[in-house]
Amino acid sequence: MQVSNLLEREVFRMSFGEWLAFGSLLSIVLFTPGPDFVLILRHSLTDRRTGAVVAAGVTAGLVVHTAAASLGLSALVATRPQLLSALTYAGAAYLTWLGISAIRSAFKARSGGDTLTAVSEPISAPRAFRYGFLSNLLNPKALLFFLGLLPQFVEPGSGAALRTLTLAGATVIAAALWWAVVVVLAAGAGRKLRRPGVGKRIDVVSGVLLVGLGAFFGVA
């Protein structure tokens, strides 16, 4: 109860201008397509349930980032260039692997079943969650936000951890709502796209995008 009261007090302590600036930045970050968006979109076009589980995994990754930022671990990582580089390269490698897997799955389709559901083989809920979780946890875009952008709205002092938790919590809530919209819209569009050849093209395009993002983050 005391924690909730402190968070509520922190919410109102921030001025309208501060929330407006943070909300604008957060909107740009969320609405700019990245690895998480591509992964959720691909699986949501295939199956709403799978897309929702992937989105849940992505949100869980954000919760871990939130905890790390609140405990000061993100700041510690930011002061260790070698560790930050290792995380970035691991994220780039994982995105590249996901992209290659998507492209390979596109060409595994049988000639007689080249539909969206045939091309994208169903995956289990734990596997879908793991895809989303690791994608966000190792996502260089998420690392940049929590390590470089979010701290710009936090003033040094005794209330820094609480302010970080408040902003990071708002990020998780906003992201979860955004991913819910993406899943619903993509699943609706997916039903209309279940035509021969479409599924293979979706897998190939999403795979190429993931490989491209992996290469970009790897050399950036």
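These numbers come from a predicted model, not from an experiment. The analysis underlying the following values was restricted to heavy atoms, covering all of them including side chains, and did not include hydrogens, waters or symmetry mates.
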I'd like to check Arg42 versus Leu209 (side-chain heavy atoms, cut-off strictly below 4.5 Å). Are they in contact?
no

Any chance you could lay out the side chain to side chain contact (heavy atoms under 4.5 Å, CB included) test for Trp19 and Leu167, step after step, and finish with the verdict?
CA-CA 9 Å; Trp19 275 115; Leu167 294 175; 4.0 Å; yes

Should Val54 and Trp179 count as side-chain neighbours, where that means a heavy-atom distance under 4.5 Å?
no

Can you check side chain to side chain contact (heavy atoms under 4.5 Å, CB included) on Glu18 and Arg163, steps first, answer last?
CA-CA 12 Å; Glu18 289 176 317; Arg163 172 68 66 90; 4.2 Å; yes

Of all heavy-atom pairs linking Val53 and Ala128, the shortest is CG1-CB, 3.8 Å

Examine Phe31 and Ile173 and state if one hydrophobic cluster contains both, with Ile, Leu, Val, Met, Phe, Trp and Tyr joined whenever side-chain heavy atoms are less than 4.5 Å apart.
no

From Asp36 CG over to Leu137 CG, what is the distance, rounded to the nearest 0.5 angstrom?
10.5 Å

For Ala215 against Thr96, the heavy-atom pair lying closest together
N-OG1, 4.2 Å

Are any non-hydrogen side-chain atoms of Asn136 and His65 less than 4.5 angstrom apart?
yes

Identify the two heavy atoms, one from Ser44 and one from Gly51, that lie closest to each other, and give their separation to 0.1 Å.
OG-CA, 3.3 Å

Check whether any side-chain heavy atom of Phe129 lies under 4.5 Å from a side-chain heavy atom of Leu134, and answer yes or no.
no

Which pair of non-hydrogen atoms, one from Ile100 and one from Val211, has the smallest distance, and what is that distance?
N-CG2, 3.8 Å

For the residue pair Ala174 and Leu26, what are the closest heavy atoms and their distance?
CB-CD2, 3.8 Å

Please test Phe146 against Leu62 for side chain to side chain contact (heavy atoms under 4.5 Å, CB included), starting from the C-alpha separation and ending with a verdict.
CA-CA 9 Å; Phe146 282 93; Leu62 284 174; 3.8 Å; yes

From Val29, Leu30, Ile28, residue fulfilling side-chain contact (heavy atoms from CB on, under 4.5 Å) relative to Thr32
Ile28

Taking C-beta and beyond as the side chain, do Thr66 and Leu165 meet within less than 4.5 Å on heavy atoms?
yes

I need the Leu185 CG to Leu45 CG distance, nearest 0.5 Å.
10.5 Å

Spacing of OG belonging to Ser124 relative to CZ belonging to Arg130, to within rounding of 0.5 Å:
7.0 Å

Does any part of the side chain of Val58, heavy atoms only, come nearer than 4.5 Å to the side chain of Ile40, both counted from C-beta?
yes

Rounded to the nearest 0.5 Å, what's the gap from NE2 on His43 to CG on Leu41? Could you check?
10.5 Å

Return the orientation label for the Phe145 and Phe22 ring planes: parallel under 30°, perpendicular over 60°, tilted otherwise.
tilted

Parallel under 30°, tilted from 30 to 60°, perpendicular over 60°: which one fits the rings of Phe37 and Trp178?
parallel

